[in-house]
There are 2 protein chains.
Amino acid sequence: MNTIAKKQEGVDVSDSKGFVGGYLLYLLAAASDAASADFHARVRARGLKAPEWRILACLSDEDGQMVTQLAQLSLIEQSHLTKIVDQMAVKGLVKRRSDARDRRRVRVYLTDSGRLLGAELVEAARAHERSIVRQMRPGEAALLKEALKHIHALYRAGGGVPVALEETEETSR
Amino acid sequence: MNTIAKKQEGVDVSDSKGFVGGYLLYLLAAASDAASADFHARVRARGLKAPEWRILACLSDEDGQMVTQLAQLSLIEQSHLTKIVDQMAVKGLVKRRSDARDRRRVRVYLTDSGRLLGAELVEAARAHERSIVRQMRPGEAALLKEALKHIHALYRAGGGVPVALEETEETSR
DNA sequence: CGCAAGAATATGAATTCGCATGTTTCTGCC
DNA sequence: GGCAGAAACATGCGAATTCATATTCTTGCG
């Protein structure tokens, strides 16, 4: 969903006895959506859509990445990223340049204004993150990040959690 | 992105010194995407799309929810949820019935086959979750879930983290 | 009662997204 | 050198998603 929060009462799931309220993947998605939607309001205020911000952030970290690389990093599908880069190029935030060594590759560079806006939003993102972390218990955020990296790592480069190790519905028979 | 993982080498972000690799919202999105994409493969194998699975799961927890409620819970925007329910109704997984007390409301109920498929997938989801948790340190998963609920709670019913408490870029001047 | 306001859904047009595929450019090997 | 095969992007198109708005029904109140 990931859009402007409607700020209603907000149904609380997590305290119920149902499955969903305690399901890891649900909690991940819910927390991610909620927190991101909040920041995306600020991104929109700057005239960007969420995916554009992600790209800007990734390029701020490392300028001149190739499209495929950038797509993986920014969690955007390749053909889609190509289209977003188009728009951003029109807006004057980035520019393409094909790699001299390997002309199949297209590298994406920030323009000056892209770099500026990126830096500004990264700073805002940092502040936003601090405002969240400040409301957690000391050390909780660090543990959280570690756990998230851990989960993410499980699926990188492996093609997912080894299926062989998974139980089947019949296992506990 | 949230689709079928391409099982490539997978660029590792988290070890880099950049901003993104340590940014909480990024880690949340990345972990959520990666883990969910894995399970969604199984959902697809059952002929469902990801959003349909979420709805099925929510209804399995509590049948007969109203559309708005269900939308919030399943993290799907309302008008979109309406359309998905349409399709699911065609597939014979759910059926609508307008609330007798308040005829503006439409309640969504599982059909028998919907309940069956839901139960099956919930079981698969539990197994999938176990396969993840098993690869974490003892207790890590519990801490993770608590932290996620915590974050989610920050944005429920409040209209987001109190902006007044947030720093501005100038604060640390 | 009769109405203004608001709540709950549905609908339609406009975007965004993702999959399949085409094109161009490398690479390894014969 | 010349080719088969893979890699990296771009494109086309259909499906998914969103935003704004219409519709239907309820509620509180003058």
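Atom set for the values below is all heavy atoms of this structure, side chains included, hydrogens, waters and symmetry mates excluded. Convention: sequence-line order gives letters A, B, ...; per-chain numbering from 1. This structure is a prediction, so every number in the text was calculated from the model and none was measured.
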Measure [atom1]/[X] against [atom2]/[N] and give the value in whole Å, please.
{"X": "A:Arg103", "N": "C:dT23", "atom1": "CZ", "atom2": "C1'", "value": "14 Å"}
{"X": "A:Glu52", "N": "C:dT15", "atom1": "CD", "atom2": "P", "value": "14 Å"}
{"X": "A:Gln87", "N": "C:dA14", "atom1": "CD", "atom2": "C1'", "value": "13 Å"}
{"X": "B:Arg44", "N": "D:dA16", "atom1": "CZ", "atom2": "P", "value": "9 Å"}
{"X": "A:Leu81", "N": "D:dT11", "atom1": "CG", "atom2": "P", "value": "14 Å"}
{"X": "B:Gln72", "N": "C:dA8", "atom1": "CD", "atom2": "C1'", "value": "13 Å"}
{"X": "A:Asp102", "N": "C:dT24", "atom1": "CG", "atom2": "C1'", "value": "11 Å"}
{"X": "A:Leu75", "N": "C:dG18", "atom1": "CG", "atom2": "C1'", "value": "15 Å"}

Quick one: closest heavy-atom pair of B:Ala147 and A:Leu144, and the distance?
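That would be CB-CD1, 4.0 Å.
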Looking at every heavy atom in both B:Met88 and B:Glu52, which two are closest together, and how far apart are they?
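Of all heavy-atom pairs spanning B:Met88 and B:Glu52, the closest is CE-O, 3.7 Å.
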Quick one: do B:Arg42 and B:Glu120 make a salt bridge, cutoff under 4.0 Å?
no
So how far is it from B:Ser131 OG to B:Arg126 CZ, rounded to the nearest 0.5 Å?
14.5 Å
Between the opening five pairs and the closing five pairs of the helix from C:dC1-D:dG30 to C:dC30-D:dG1, how far apart are the helix axes, to 10°?
10°
Qualifying residue for salt bridge (Lys or Arg N to Asp or Glu O under 4.0 Å) with A:Asp63, from A:Arg115, A:Arg97, A:Arg107
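Testing each of A:Arg115, A:Arg97, A:Arg107 against A:Asp63, the sole residue satisfying salt bridge (Lys or Arg N to Asp or Glu O under 4.0 Å) is A:Arg115.
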Anything under 30° is parallel, anything over 60° is perpendicular, the rest tilted; go ahead and classify B:Phe39 against B:His128.
tilted
Distance only, no hydrogens: is a donor on one side chain within 3.5 Å (strictly under) of an acceptor on the other, for B:Ser79 and B:Glu77?
yes
Are any protein N/O atoms closer than 3.5 Å to N/O atoms in nucleotides 9-11 of chain C? If there are, list each pair with its distance.
residue: C:dT9; atom: OP1; partner: B:Val67; partner atom: N; Å: 3.1
residue: C:dT9; atom: OP1; partner: B:Val106; partner atom: N; Å: 3.1
residue: C:dT9; atom: OP1; partner: B:Val106; partner atom: O; Å: 3.3
residue: C:dT9; atom: OP2; partner: B:Thr68; partner atom: N; Å: 2.8
residue: C:dT9; atom: OP2; partner: B:Thr68; partner atom: OG1; Å: 2.3
residue: C:dA10; atom: OP1; partner: B:Arg96; partner atom: NH1; Å: 2.9
residue: C:dA10; atom: OP2; partner: B:Thr82; partner atom: OG1; Å: 2.8
residue: C:dA10; atom: OP2; partner: B:Arg96; partner atom: NH1; Å: 3.4
residue: C:dA10; atom: N7; partner: B:Gln78; partner atom: NE2; Å: 3.1

Is the closest side-chain heavy-atom distance between A:Asp112 and A:Leu116 below 4.5 Å?
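No, every pair of side-chain atoms sits at 4.5 Å or beyond.
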